[in-house]
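Below: the structure, in structure tokens.
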Protein chains: 2
Amino acid sequence: MKKQIVEILRKNQLSITDGRKKILELFLESDSALAHHDIEEKIQEKFDRVTVYRTLQAFMDKGIIHTIPTADNSIKYALCKDDCEQGHHHDDHIHFVCKQCGQTICLDEVHVPSVRLPQGYHADQVEVVVSGLCKECN
Amino acid sequence: MKKQIVEILRKNQLSITDGRKKILELFLESDSALAHHDIEEKIQEKFDRVTVYRTLQAFMDKGIIHTIPTADNSIKYALCKDDCEQGHHHDDHIHFVCKQCGQTICLDEVHVPSVRLPQGYHADQVEVVVSGLCKECN
DNA sequence: AAAAAAATGCAACTTTGTTGCAAAGATACC
DNA sequence: GGTATCTTTGCAACAAAGTTGCATTTTTTT
Ligand SMILES: [Mn+2]
Ligand SMILES: [Mn+2]
Ligand SMILES: [Zn+2]
Ligand SMILES: [Zn+2]
């Protein structure tokens with residue numbers, strides 16, 4: 001695990017720091033997406049709030065994590081499983097938000113459906129967020 | 001128009017106040033979704049920030065407007081065209097965000113596709129947000 | 001027109017996010 | 001390993017966004 005973490009950081013040309021290792025570990029351990037707030041809560045050692053922001057930004061830039069849109073002003077972040085790179089994400093899976101337990105989950109095996117847009121529109125990216133009851137809560 | 005505004009408020013059992021009339025007018029006039037911030041900008045008369053929050057909340061509760069999730073912490077709001085009521089929204093259309101002009105648009109004529117979830121999951125609601133180039137910017 | 005009910009504005013506060021800069025830490029090179 | 005260089009961190013100070021209680025104003029009801 002520790003090995004894998006350093007591996008990922010190195011592969012992405014990020015210097016290996018305690019904060020980055022810890023936050024990346026959090027993502028690797030978690031099976032649901034994390035908001036900035038969740039990260040600050042879950043980290044026992046305290047890293048400055050600003051560091052967490054900057055780390056998330058760095059991970060985003062490198063294509064290590066991706067965002068999941070929400071309607072409550074609390075962007076969620078999750079590991080990219082696919083081959084995302086520096087500046088280009090290719091996460092084409094859908095996301096699930098459980099109304100019971102509140103967890104946000106990447107359903108990597110469910111690909112985003114293709115949507116037919118009206119004449120003139122050009123789609124770059126399709127985000128699908130399904131809410132309801134998850135496997136556990138159902 | 002003025003007539004329609006009062007009509008909508010009355011139908012939803014909201015008392016007719018200047019703030020609500022003005023904000024509802026804004027939504028009726030706009031062809032793109034509005035964030036809280038946009039509303040404060042567009043209103044010339046100044047209503048207190050808190051009033052705007054409370055108005056949006058009231059409109060949401062009544063099913064007059066619906067939210068559109070974003071990945072940048074700026075929830076967008078738009079009029080419900082369908083038959084949304086007190087507590088139950090039935091907006092099953094997709095949303096489009098233009099990367100050029102930044103506008104968020106309800107594509108009322110494009111229904112959300114059905115997604116097949118893994119065993120055990122139960123979907124209540126499907127949100128689809130497509131981003132790319134809009135009709136105008138393409 | 002008066003009474004009752006509801007919405008507003010204000011103040012005070014909390015939470016969230018941003019920026020510049022000095023200190024600390026990581027990497028590269030010898 | 002030891003040192004120079006480059007990067008990251010924490011802190012402070014700030015800005016923006018969101019919440020709550022309460023007195024005043026406005027709207028609705030009678
Ligand atoms: Mn995902
Ligand atoms: Mn819509
Ligand atoms: Zn659940
Ligand atoms: Zn556009």
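Chain identifiers are assigned alphabetically (A, B, ...) following the order of the sequence lines, protein sequences preceding nucleic acid strands; residue numbering begins at 1 within each chain.
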Closer to the 5' end of DNA chain C via nearest nucleotide, is it B:R20 or B:V50?
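That would be B:R20.
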Item checked: 5' precedence on DNA chain D between B:N73 and A:T51 (nearest-nucleotide basis) ->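 Nearest nucleotide further toward 5': that of A:T51.
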Calculate the interatomic distance between [X] atom [atom1] and [N] atom [atom2]; express it in whole Å.
{"X": "B:R54", "N": "C:dA7", "atom1": "CZ", "atom2": "P", "answer": "10 Å"}
{"X": "A:H36", "N": "D:dA17", "atom1": "NE2", "atom2": "C1'", "answer": "15 Å"}
{"X": "B:R49", "N": "D:dA17", "atom1": "CZ", "atom2": "C1'", "answer": "6 Å"}
{"X": "A:E40", "N": "C:dT16", "atom1": "CD", "atom2": "P", "answer": "8 Å"}
{"X": "B:Q13", "N": "C:dA5", "atom1": "CD", "atom2": "P", "answer": "17 Å"}
{"X": "A:D72", "N": "D:dA17", "atom1": "CG", "atom2": "C1'", "answer": "14 Å"}
{"X": "B:K62", "N": "C:dA6", "atom1": "NZ", "atom2": "C1'", "answer": "12 Å"}
{"X": "B:D48", "N": "C:dA7", "atom1": "CG", "atom2": "P", "answer": "16 Å"}

| Does the side chain to side chain contact (heavy atoms under 4.5 Å, CB included) test come out yes or no for A:V110 and B:Y121, once each step is laid out? | CA-CA 12 Å; A:V110 185; B:Y121 288 87; over 6 Å; no
Using only atom types and a distance under 3.5 Å, with no angle test, would you say the side chain of A:D38 pairs donor to acceptor with the backbone of A:A35? yes
Point to revise | Side-chain (B:D48) to main-chain (B:V50) donor-acceptor, under 3.5 angstrom | key: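 Yes, because the side chain of B:D48 sits within donor-acceptor range (under 3.5 Å) of the backbone of B:V50.
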_Looking at A:T17, I'd like to know whether one of its side-chain N or O atoms comes within less than 4.0 Å of OP1 or OP2 on C:dA26._
no
### Task
Would you indicate, yes or no, if D:dT8 has its OP1 or OP2 atom less than 4.0 angstrom from a side-chain nitrogen or oxygen of A:S15?
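Checking D:dT8 against A:S15, a side-chain N or O does come within under 4.0 Å of OP1 or OP2.
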Considering only distance and modelled atom types, tabulate donor-acceptor pairs under 3.5 Å from the side chains of residues 67-74 of chain B, sequence neighbours left out.
{"unit_1": "B:T70", "atom_1": "OG1", "unit_2": "B:D72", "atom_2": "OD1", "d": "2.9"}
{"unit_1": "B:T70", "atom_1": "OG1", "unit_2": "B:S74", "atom_2": "N", "d": "3.3"}
{"unit_1": "B:D72", "atom_1": "OD1", "unit_2": "B:S74", "atom_2": "OG", "d": "2.9"}
{"unit_1": "B:D72", "atom_1": "OD2", "unit_2": "B:S74", "atom_2": "OG", "d": "3.3"}
{"unit_1": "B:N73", "atom_1": "OD1", "unit_2": "A:S74", "atom_2": "N", "d": "3.3"}
{"unit_1": "B:N73", "atom_1": "OD1", "unit_2": "A:I75", "atom_2": "N", "d": "3.3"}

